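All of these numbers come straight from a predicted model, not from anything done at the bench. One-based numbering, in listed order, for ligands and for the atoms of each. The residues of the chain are indexed from 1 along the displayed sequence. No hydrogens, no waters, no symmetry mates; every other heavy atom, side chains included, goes into these values.
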Amino acid sequence: MKIVVKKGTVEKAPRGFVRVSFTDKSKGTKRFVKEKGIETLEIGIGKPEEMNLRRFRVLCRAVVQAAKANKIKKIALQFDATPKLFVNLKGVSPEELSQLIAENFEMANFDFTHFKTKPKEGFDAVEEIISYTSADLGVEKAVQKGQSIGQAVNACRVLANTPGGDMTPTVLAKAAKEAMRGLPVKVTVLGVTEMKKLGMGAVLGVAKGSSEKPTFTILEYKGGKGAPIVLVGKGVTFDSGGLNLKPSSSIYEMHMDMSGAAAVIHAVALAARLKLKQSVIGLIPAVENMPGNNALRPGDVLKSLSGKTIEVLDTDAEGRLILVDALTYAKRFKPAVVIDVATLTGAAMSALGEHASALLTRDDALAERLAKDAEASGDYAWRLPLWDEYEERVKGTFADLKNVPGGSTSRLGGAIDGGMFLWQFAKELECPWAHIDMAPRMTAAPGDELAKGAAGEPVRLLLHFIEQWIH
Ligand code: BES
Ligand code: MN
Ligand code: ZN
């Protein structure tokens with residue numbers, strides 16, 4: 001999509017462009033009107049005094065969605081044509097606003113059409129947007145950056161949306177390589193032999209039930225001299241649950257159980273593309289969790305890379321198993337900070353609903369930092385506790401640890417249990433660590449004004465975090 005920012009008023013829009021105007025009618029109102037004889041799409045923003053950045057993001061997307069729904073390819077708009085509607089955003093710099101507009105236009109213009117036959121008239125997508133402004137320009141860079149961010153989010157959504165049969169651990173490793181093409185990022189892919197040699201018993205254990213071989217991908221972007229930020233992404237390319245097979249209603253969409261991996265891949269690529277002066281490492285343990293005849297059994301004990309043994313009470317708690325080997329592997333990079341991203345628990349969704357990822361860390365400063373980045377980026381997250389009081393449950397009966405601290409039928413604090421299990425390994429890192437359970441944000445929620453399917457989170461949160469770490 002072409003996004004152009006021009007100085008001037010929307011009246012100057014060239015022919016063929018449908019104008020968009022805003023009113024204080026209730027949020028979500030969309031209708032066509034004639035303004036001075038020119039076809040105009042009028043969009044209600046709700047009460048101006050309730051406008052804020054959260055609402056503005058959704059409004060930007062609603063503009064594009066309305067255009068797509070009406071098969072409009074070219075639109076022209078001007079947010080400051082009706083300054084009274086947006087007074088609340090006065091304090092936001094033109095650069096920040098332009099970036100945000102471009103980012104959200106891109107995100108809204110995305111649809112996952114890879115497996116659809118192209119209609120004669122093409123898919124519904126906006127081709128060009130002219131955003132007029134009465135302010136002085138100098139925001140081109142910000143627009144460009146916003147587009148790059150939106151495109152990274154969309155690329156992440158493509159990976160996550162790709163069905164499990166097409167997105168195996170091997171394909172995911174290849175996709176990671178592909179995403180780094182032309183970028184100064186070193187890519188290494190470990191296979192079964194290397195993982196056996198290292199002793200990654202947890203990754204290998206989960207992979208046993210599938211005929212698809214596991215992979216472990218390492219992405220290294222050297223943007224600065226200091227200690228790197230290490231990002232770990234859960235790459236379960238399909239989560240059937242294993243022998244603790246998921247019920248039919250829960251197995252749908254489990255091809256997106258590699259959403260954490262997809263986000264890490266595209267956050268690293270974005271850091272490199274934007275030439276950020278910070279080293280970032282991405283670690284992607286990838287497996288398919290299947291109940292094949294060689295599958296991990298409930299009760300089996302795995303020896304992790306750290307040496308700690310794990311009693312597998314439930315083969316459906318597989319994400320934490322592959323993550324801990326990656327957390328241990330992270331140590332060799334002497335990281336400044338480690339963040340893992342995973343669609344780890346349905347319990348995180350029970351706790352927070354569909355609008356925020358769960359954020360778990362023992363480090364208050366890091367929690368505060370990430371909470372700010374979450375709010376500023378639009379990838380919302382909310383903290384859950386990881387207090388000592390929760391730790392007792394994670395001890396194993398016949399091994400050092402159990403993978404489901406509350407036992408496989410526990411209904412208590414499942415997202416915390418998952419985080420507490422990871423902490424048993426993260427505590428050996430000697431640097432701050434945080435866990436983002438993004439299960440609640442795996443797919444777009446109603447009201448997001450995004451296409452059905454993967455939400456592409458938390459690419460923007462990770463980018464914000466990396467950027468602020470530099471300063
Ligand atoms: N991938 C799932 C969690 C999930 C569920 C993500 C729904 C997104 C949407 C994870 O591997 C899982 O199965 N977790 C179990 C843990 C339980 C066995 C302790 C769960 O949430 O039920
Ligand atoms: Mn599972
Ligand atoms: Zn899973």
key: S240 versus N289, side-chain donor and acceptor atoms under 3.5 Å   = no
request  = Note the single closest protein heavy atom to atom 7 (C) of ligand 1, along with its residue, its atom name and the distance in Å.
outcome  = M254 CE, 3.5 Å
message = With the threshold set strictly below 4.0 angstrom, can you tell me whether any protein non-hydrogen atom sits that near atom 1 (N) of ligand 1?
response = yes
inquiry  = Please check whether R320 reaches ligand 1 - meaning an N/O of the residue sits under 3.5 Å from an N/O of the ligand, judged on distance alone.
reply    = no
note = Nearest non-hydrogen contact to atom 3 (C) of ligand 1 from the set V404, N403, L344 belongs to L344
Short N or O distance, M349 and ligand 1, threshold 3.5 Å exclusive = no
task = For ligand 1, find out whether one of its N or O atoms is nearer than 3.5 Å to an N or O atom of E318.
result = yes
ask   = Do any nitrogen or oxygen atoms of T345 lie less than 3.5 angstrom from nitrogen or oxygen atoms of ligand 1?
value = no
key: From CA spacing to verdict: side-chain hydrogen bond (donor to acceptor under 3.5 Å, both in side chains), R157, N154   = CA-CA 5 Å; R157 292 159 89 187; N154 294 345; 2.8 Å; yes
Sub-2.8 Å protein N, O or S atoms surrounding the Mn ion (ligand 2) = D239 OD2, D316 O, D316 OD1, E318 OE1
note = If we number the atoms of ligand 1 from 1 as shown, the ones under 4.0 Å from a heavy atom of T343 are 1 (N), 2 (C), 3 (C), 6 (C)
request  = Report the nearest protein non-hydrogen atom to atom 12 (C) of ligand 1: residue, atom name, distance rounded to 0.1 Å.
outcome  = D316 O, 3.2 Å
query = When you check the space around the Zn ion (ligand 3), which protein N, O or S atoms turn up under 2.8 Å?
reply = K234 NZ, D239 OD2, D257 OD2, E318 OE2
